[in-house]
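Worksheet for the structure shown next.
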Amino acid sequence: MLLTLILLPAVAGAAAFIIPRDRARRALLIAAALAHLGLTVAAGIWPPAPVSGWLALDGLGYLFLCITSGLFLCAAVYAAGYLSREEPHPRQDFFEGGQWFHNAPEAVFTGNLLLFLSCMTLVMLAHHFGLLWVAVETTTLATAPLIYFHRHHRSLEATWKYLVVCSVGIALALLGTYILAAAAARASADGVRVPVTLEALVENAKRLDPAWTRAAFLFLLVGYGTKMGLAPIHTWLPDAHSEAPSVVSALLSGALLNGAFVGILRAAQVCSAAGQGEMCHDLLLAFGLVSLGMAAVFVVGQTDFKRLLAYSSVEHMGILALGVGIGGTAAAQGVVLHGLNHSVAKGLLFMVAGNILGVYRTKNVGEVRGVLSRLPISGALWVLGILAITGTPPFGAFMSELAILKAALDAGRWGVALGYLAALAVIFVAMISTAAKMAQGSATGADPAGAAAEPAGAPPANLGPHAAARGSPATSRGQHGPGAAARVREPLSAYLPAAALAALALLLGLWLPAPVKSALDGAAVALGGIK
Amino acid sequence: MAAISWANLLVGLCLAPLLPGVIARTKALFAGRRGQPLAQLYLDLWKLLRKGAVYSSVTTWVFRAGPVVGLAAAVAALLLLPLGGAPAVVAFDGDLILLVALLGALRFFLVTAALDTGSAFEGMGASREMGFSALAEPVLLVALAAMARGTGETSLSGMFGATIPGEWATQPHAMLLIVSALFVVLLAENSRIPVDDPNTHLELTMIHEVMVLDHGGPDLAFILYAAALKFWLLGALLVGIVVPLREIPPALAAATAVAGMALLAFAVGVVESCMARLRMSRVPQLLVGAGGLATVALMLELVRS
Amino acid sequence: MHQILAGVALVVVGGVFALVADRWSGRAAGVSAALGLVLGGAFGAAEAIQVLLGVTPTPAAIRPEWAFPLEAASAAMGVDALSAFFLLPVFIVPALAAISGVVVMEEFAGHKAVGVFWFFFCLLAASLAVVMVARNGVLFLVAWEVMSVAAWFLITFHHESDRARDAGVIHLIAAHIGVAFLLGFFLLLAPGAGGLDFDTIAAARRATATATATASDQPTGGAMVVAPGVLFILALVGFGTKAGLAPGHVWLPEAHSAAPAFASAVLSGAMIKAGVYGLARALALIGCWEFWWGPTLVVVGIATAAYGALLALAQRDLKRVVAYSTVENAGIMVAGFGVGALGMSSGSAPLALLGFGGGMLHALNHAAFKPLLFLVTGSVHHAAGTYGMDRLGGLMKRMPWTGLGAVIGAVAACGLPPLNGFVSEFLIGLAAFRAEAAQPVEVAAPLVVVVGGLALVAGLVGAAFTRSVGVAFLGHPRAPEAERAREAGWPVTAPLVLLAGCCLFLGMAPVAVLPLLSRAAAVVAGMDGQIAGDVLRVAAGPLFEMQPAVLGFVGLVILFGWWRARLLARREVRTAVTWDCGYAAPAATMQYTSTSFTQQIVDLFGVVVRWRRRMTRPAGLFPTSAAVETLAPDPVTNELFAPAFRGAARLFRRLHGLHSGHVQVYVLYIAFTMLLVVAWKMG
Amino acid sequence: MAAWVDAILVFAVLTNLAVLGSSRLGLCIRMVAAQGIMIGLLPVVGHWHAVDARAVGLATASVLLKGFLVPWLLHWALVEANVRREVEPYIGYPMSVLIGVASLCLCLWLSARMPLPVAAGEAGTGASALAAPVAFFSILCGLLMIVSRRKALTQVLGYLVMENGIFTFGVALALEEPFLVEFGVLLDVVGAVFVMGVAVFHISREIHSIDTDQLSMLREERR
């Protein structure tokens, strides 16, 4: 059962590389996503048996697997529509004027997307630390080509940085895994060998050498922390998210970061079982606060709305780390709920950002105005998303942030609570003023329908991001035209998944259906173990 | 007991127009003129009441309501006024707040009536009136608060009753400060010399007179009578403090109070003859000074108890 | 309780219908929303009055089973006298404003999202009601923020103008920072596993309060982990920003002048009350009273009142004058609470009940005359197309009903006798005077501030509203739009007259309101309703004795009016031109403008108002044109918040250099972090 | 057999210092390839007497991949970018070697203090006292190369050196981890290097030079 969960997307990915016709490949993408979600839910109802101790489905893994699978389905639907609107032939990059670029072949994109899903599933299911490391490394390799989908100068740079920074981080994690294995080797006295699996390690954690387990946790934390985007080792995140296509950014923020977080939680489970829990709390708390601080610093005065969302991801990863750092069951429930809320809201925001980018053809916040009047549905979703991600009630993020704050205050950590609230306030101020300026006002931006100089043979105007630029790339700034730019027809596939996620975000704030509650409690119990 | 109060009220209503006559007569005395007859204001009122009225085409019902509400407020305020130690017709805790508020209502309707005419002069008068009264009102209230603190009473009738002599004995300097503050407020509220010149004819310099420039006939009569009542009101407060009354029969007390009022009018006349008008920007400093005096008095009262 | 929930449901249904009906016509949307609001309001207000009068015993809190994501949260709701008292304006004001709004909104039907506006209008009213009824910290905060977000959509209805957008953002930021403080307040109020239900909190705190009455407030029962002083400061700042107290008021004038007038009526009439209600509920929940709370509330209240009155003087825009007067009235309400807190800490029940009663009565009165003034400005804008007083004038002739409403609103706002503004200020003044006369020095001293402060504020507000009514409604029309102004239909004027009637009723018969007041004040003072009723009836004795004087005043007005009519009946009454010293051609521009009227006072307080004057002097021998323009931006925003926010933003942007763009530096960051972590944890 | 192990480790140290010191990319690639081969042989040499199929398989795989496949790819990228010499790096060559030596001493001192899980020098365990310090030294050299060089290709080489270090650490601890993990790690390392190589190829084609200074447009302005 678990193996099928992993192999299904992998096989589909391989097939996607081969299928020539685009339409079939997109259908395969959506079908695979649906199948995977079905299997995940089934795995929840009839928990499958672990496979030789290496692959197992525990509460924590199940929750984040559901998040990843659900988000992937929404992304698949969005990507299918997005790919159908993309032109494969070379076109002008509307940022740097003269340079022409073309897209990577669509097969590579879809294939890698599916491979990414299978690697993420492997990460969630892996209970063997070596296998976990291999899975996280393959996610890096699977996402590198996705970021480089639009083959232009900046996305290449983003990909390069992503590869170098993440690989160095992951190498440190490998070192941590080896140290952990060494500690396990020492613990396996009288012949019985302690494999480097979660259950075995936790079982005879008492016999693990404390110095080596601490060293192992340090390396694993910094290694997977790089991948999770905790400041100050988050540097790849803003570049990768702002240059990758929006659907990839949604998956990066919504799923990939959670994967690395699961890695850290596994290490923390082992560490606290071995009696070093207190050290884990301090480290995670420190990383959480630094991430919140860095996110607050970089969100203020941010002129690129996709980087704005990227730094918001750094902030929310900081909140997750902070929550685990505070410890206790109440904080654990807050963290688990917050992981879900963040993935839902961030996925929604990136998809809507993609729509806005497609029509306004600029990422500069100053030049985007009146989204509510030009793209009413996407505009509304944009505003709701920003409210959700900044933790404004009635959306879910408020409840989880409140739980974490309550845990902090109950534990008497006044300084942490103060820093946490201050950072959240600064981030709210920066994001709401940026988002409100974009959403409201009389619409600006190039009018896709009727620009004067129509290059011969250009395909009819449609919503595709990086659709063929009309006239000089500076049209977006120059041409405000007397009346506000006309309202743009928004295809269903562009806003349906985002609307579904928005509804879920609102639901999570007000009422919690039973299955979701049980999944959350299952994960919280596993997380609660980190006393 | 109520009879005395109503009697005092009637005394007030009848003798109020006499005081401007006394002031005018003292100024004439100082200037070596014979001056207008004491009952000049009565004659004016009688003449005006029998005249018709000319209303500007610009004005609305607000202009017509001004004098009526003004006079009503003045008379209602008189209901609350104790004279010569006897309680007022209507006396209750906090009646000084109602008194000050009624003066505020009088001022509000006069000013809106002035603005209704739409002339620059009336606007100027209205602006100055509101400006100075915004400073005079707090001084009056703080002075009364000092009195309340001293006598331990919150009703006017209680304050100006038998306890005044004791106050002079224990806190003479506080009482002195209160008297001087109230005197300045009296001059400011009734447009006497240091603040405003009642019988100038140059519109640009007037405050009260210019506000009522456009009123004629019965309206002007109401306004003049209300002004006289207001002078009587604030004068009675001042006299109530200055003339300490031993336990003497009420009739005699009332008589002494009226004599005190005449004396006050004479004092105002003297002040008007000896001083020239303050520059318009100096007046707020005078009022703030009076405010300072009242606050010092209040502090003294607070410290003592 | 169920009637109120039915009312809230009706309002929300009205909103949803408006959203759907927008497809056919804007008017349909408006009508359905107004219908929902009126019906829901009627339902809710009926039960609120019953609860207040004690007809129906205060219904027990209902606690519906609801799977909130957070187990500390529960949907506990209940109505006690305090909630019922504040529910009155919350149900009545939006209904009246909606009736007037339907007409105003019609002209936007075609090209603006009117349906969405009405939906959020109803959502605002509904969430306000839920705030008043919520008995759980989390439910309270969720409703609170939904209220702020709904208000944001109302404020930014005209979002094409930059001012409206900025106002919306400032409003949201202020609301969110307020919530941050409230989060601290609610969570620290009942630390430990216990949920955030008000009843459990109140019981726990009362238990520990009595236990630690003697000892210092070190936690014995665990419930009092945090010093009550900290809780008080958190509540004051959190609810103060929403109520509009001095430093936190910056969003209020911007928001109220950006929103459509009838929406501002709801913002001022009902939403500000949420802040005041919150403060009252917090004081009730904290359970113990420290000596320094009273003076703090008094000083903050009076400072806010004076500041608001002063800024109202310096404005040229009719709506901003009314908005700043909201700040002033909020100050007076909080000053009333201050007097009440002084009474509680000095143990004198009459003073406490008078103070709280005065504060809350002022909140109710404000909910009557402030929407009246906002509807007046709305009607003026609907007719003349502008709020600027210097482009209005002479509207009384052209719009008699609106003019009448304006005068009544102004008299009530200035707190002058016949109307309701005076009654509540009288109660607060009476409490202050009584305590100041009889109480020991440390209680009397702050009350001197109240006495002097209220008098100064009355003077300033008097000047502000005489100027506003005078310049806008009286005299010659200063611009062609004012010339063409005509009265709008009955839906605009009917609510005006109704609200004016409310003001008159509350002013002339405060006795009727007293019983409602005593039970509500008892909740804040933590006393039993019955005892509070008797104590307040004795304490507020003067209110009954004042009746004859006030009725006498009104009687005299009628008497003299009749006398003058009889005098003039037989005489010749002519109309002529205003006396103009014989000048040949008086022009409308010769009249006093709004800033010239108040220049004298504002120059006196120049250090606070700091207004800027732009002057183009007449040049040359025969000067063709000269102009002087005075601007009065809000000093707190300009000198305090704007530089602070700009400085912080500049500092943060300088830190952006950390993301330098070189891969090598990023890898260095990783190595450095690794080194740091190892050193910290392995060293 | 310990002598052979020490010999390999010393060879690794020398190649590290050489790579730090040389500016010619072609030479660096060949040296890193050689180091890859020698490190690959460690599992076999360490357990000479108890060599089993698993160790031989691992050794051949790593020798093949690190010795031949990766260097061929990097050479192809080098030729494509027709670049001969590292443009002058942030830290000069002599300076890098000095830092290399200093870090070697640091590693030796550190590993002396750090308790090794297996008693050093026991026969048959293939672990030698030198293993841990050499492993840390390689990691530090790898990091130094990534941080101090401008050429993208050199950064890939730095990453490879770091991987070799970690690999030696794993083998040195004579882990009995099952076969799959070893091979998976190897696969991943090579996969990462392969993708990086392709990226370098694209960089050279896209911006006609593999100088990372061109790759620093994405930054936050310090307005």
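In the text below, chain A, chain B and the rest are named by the order of the sequence lines, each starting its count at 1.
Rounding to the nearest 0.5 angstrom, the gap separating the CD atom in B:Glu129 from the CD atom in C:Gln600 is 11.0 Å. Atom OG1 of C:Thr466 is separated from atom CZ of B:Arg107 by 10.0 Å, given to the nearest 0.5 angstrom. Separating the NE2 atom in C:His476 from the OG atom in B:Ser119 is a distance of 8.0 Å, to the nearest 0.5 Å. Here the CZ atom belonging to C:Arg434 is positioned 4.5 Å from the CG atom belonging to B:Asp93, to the nearest 0.5 angstrom. Atom CD in B:Glu301 sits 9.5 Å away from atom CD in C:Glu436 (nearest 0.5 Å). With rounding to the nearest 0.5 Å, the separation of CG in C:Asp603 from OG in B:Ser281 is 11.0 Å.
The part of B:Leu213 that comes within reach of chain C is its side chain, from C-beta onward, which places non-hydrogen atoms under 4.5 angstrom from that chain. For chain C, no part of B:Leu140 is nearby; none of its heavy atoms comes within less than 4.5 Å. Contacts of B:Ile97 with chain C are made by both backbone and side-chain atoms, with heavy-atom separations under 4.5 Å. With a 4.5 angstrom heavy-atom cutoff, C:Leu604 touches chain B only via side-chain atoms. Neither the backbone nor the side chain of C:Pro400 comes within less than 4.5 Å of any heavy atom of chain B. Looking at C:Val457, there are no atoms closer than 4.5 Å to chain B (heavy atoms on both sides), in backbone or side chain. Using a 4.5 Å cut-off between heavy atoms, B:Val111 contacts chain C through its side chain alone, with no backbone atom that close. Proximity to chain C (any heavy atom under 4.5 Å) is shown, for B:Ser57, by both the backbone and the side chain. The contact between B:Ser56 and chain C is made by backbone and side chain atoms together, counting heavy-atom distances below 4.5 Å. With a threshold of 4.5 angstrom between heavy atoms, C:Leu556 approaches chain B through its backbone and through its side chain. Using a 4.5 Å cut-off between heavy atoms, B:Val54 contacts chain C through both its backbone and its side chain. Heavy atoms closer than 4.5 Å to chain B are found in the side chain of C:Leu568, but not in its backbone. Residue C:Ala435 touches chain B through its backbone alone, counting heavy-atom pairs closer than 4.5 Å. With a threshold of 4.5 angstrom between heavy atoms, B:Asp214 approaches chain C through side-chain atoms but not through N, CA, C or O. When heavy atoms are compared at a cutoff of 4.5 Å, C:Leu404 approaches chain B by way of both its backbone and its side chain. Using a 4.5 Å cut-off between heavy atoms, C:Glu572 touches chain B through its backbone atoms (N, CA, C, O) alone. With a 4.5 Å cut-off on non-hydrogen atoms, B:Met124 touches chain C through its backbone and its side chain both.
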- List the steps and the verdict of side chain to side chain contact (heavy atoms under 4.5 Å, CB included) for C:Phe597 and B:Met130. CA-CA 9 Å; C:Phe597 188 90; B:Met130 286 319 270; 4.1 Å; yes
- Stepwise side chain to side chain contact (heavy atoms under 4.5 Å, CB included) check, C:Phe465 with B:Thr112: CA-CA 10 Å; C:Phe465 276 101; B:Thr112 36; over 6 Å; no
- Task: Would you please test B:Val69 and C:Phe560 for side chain to side chain contact (heavy atoms under 4.5 Å, CB included) and show each step?
- Result: CA-CA 8 Å; B:Val69 174; C:Phe560 290 129; over 6 Å; no
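Minimum heavy-atom separation, B:Val142 to C:Gly452: CG2-CA, 4.2 Å. Between B:Glu137 and C:Ala455, the shortest heavy-atom distance links the atoms OE1-O, 3.8 Å. Minimum interatomic distance between B:Leu115 and C:Gly470 (heavy atoms only, all atoms of both residues): CD1-CA, 3.6 Å. When all heavy atoms of C:Met396 and B:Val62 are compared, the pair lying nearest together is CE-CG2, 3.7 Å. Of all heavy-atom pairs spanning C:Glu545 and B:Ala91, the tightest one is OE1-O, 4.1 Å. Closest of all the heavy-atom pairs between B:Arg149 and C:Ala444 is NH1-CB, 3.4 Å.
Listed by first and then second residue, the ring pair (Phe, Tyr, Trp, His ring centres under 6.0 Å) pairs that reach into residues 104-154 of chain B come to none, sequence neighbours excluded.
Chosen from B:Gly123, B:Gly291, B:Gly216, the residue pairing most often with chain C at heavy-atom distances under 4.5 Å is B:Gly123. No other option in B:Val139, B:Leu144, B:Val288, B:Asp219 has as many heavy-atom pairs under 4.5 Å with chain C as B:Asp219. Between chain C and the residues B:Ala114, B:Ser127, B:Ser133, the most heavy-atom pairs under 4.5 angstrom are made by B:Ser127. Chosen from C:Val411, C:Val469, C:Leu454, C:Ile558, the residue pairing most often with chain B at heavy-atom distances under 4.5 Å is C:Val411. Counting heavy-atom pairs closer than 4.5 Å to chain B, the top residue among C:Val573, C:Leu313, C:Thr598 is C:Val573. Residue with the most contacts toward chain C among B:Ala65, B:Ala53, B:Gly52: B:Ala53 (heavy-atom pairs, distance under 4.5 Å). The greatest number of non-hydrogen atom pairs below 4.5 Å with chain B, out of C:Gly561, C:Gly459, C:Gly475, is found for C:Gly475. Between chain C and the options B:Gly152, B:Ala145, B:Gly104, the largest number of non-hydrogen pairs under 4.5 Å is found for B:Ala145. The greatest number of non-hydrogen atom pairs below 4.5 Å with chain C, out of B:Val89, B:Leu102, B:Leu79, is found for B:Leu102.
In this structure a side-chain-to-backbone donor-acceptor pair under 3.5 Å is missing from B:Lys51 to C:Arg571.
Remark: B:Trp61 CH2 is packed, more than 12 non-hydrogen atoms of other residues, nucleotides or ligands lying under 6.0 Å away.
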Output a table of donor-acceptor pairs, distance under 3.5 Å, between side-chain atoms of residues 413-428 of chain C and any protein atom two or more places apart or on a different chain; print 'none' if there are none.
from	atom 1	to	atom 2	distance (Å)
C:Ser424	OG	C:His362	ND1	2.8
C:Ser424	OG	C:Asn365	ND2	3.0
C:Ser424	OG	C:Gly421	O	3.3

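Among C:Leu395, C:Leu474, C:Val407, the single residue meeting the side-chain contact (heavy atoms from CB on, under 4.5 Å) criterion with B:Thr60 is C:Leu474.
When side chains are defined from C-beta on, C:Arg564 counts as touching B:Pro67, because their heavy atoms get closer than 4.5 Å. Two residues are said to be in side-chain contact when any heavy atoms from C-beta on lie closer than 4.5 Å; C:Phe433 and B:Leu141 meet this criterion.
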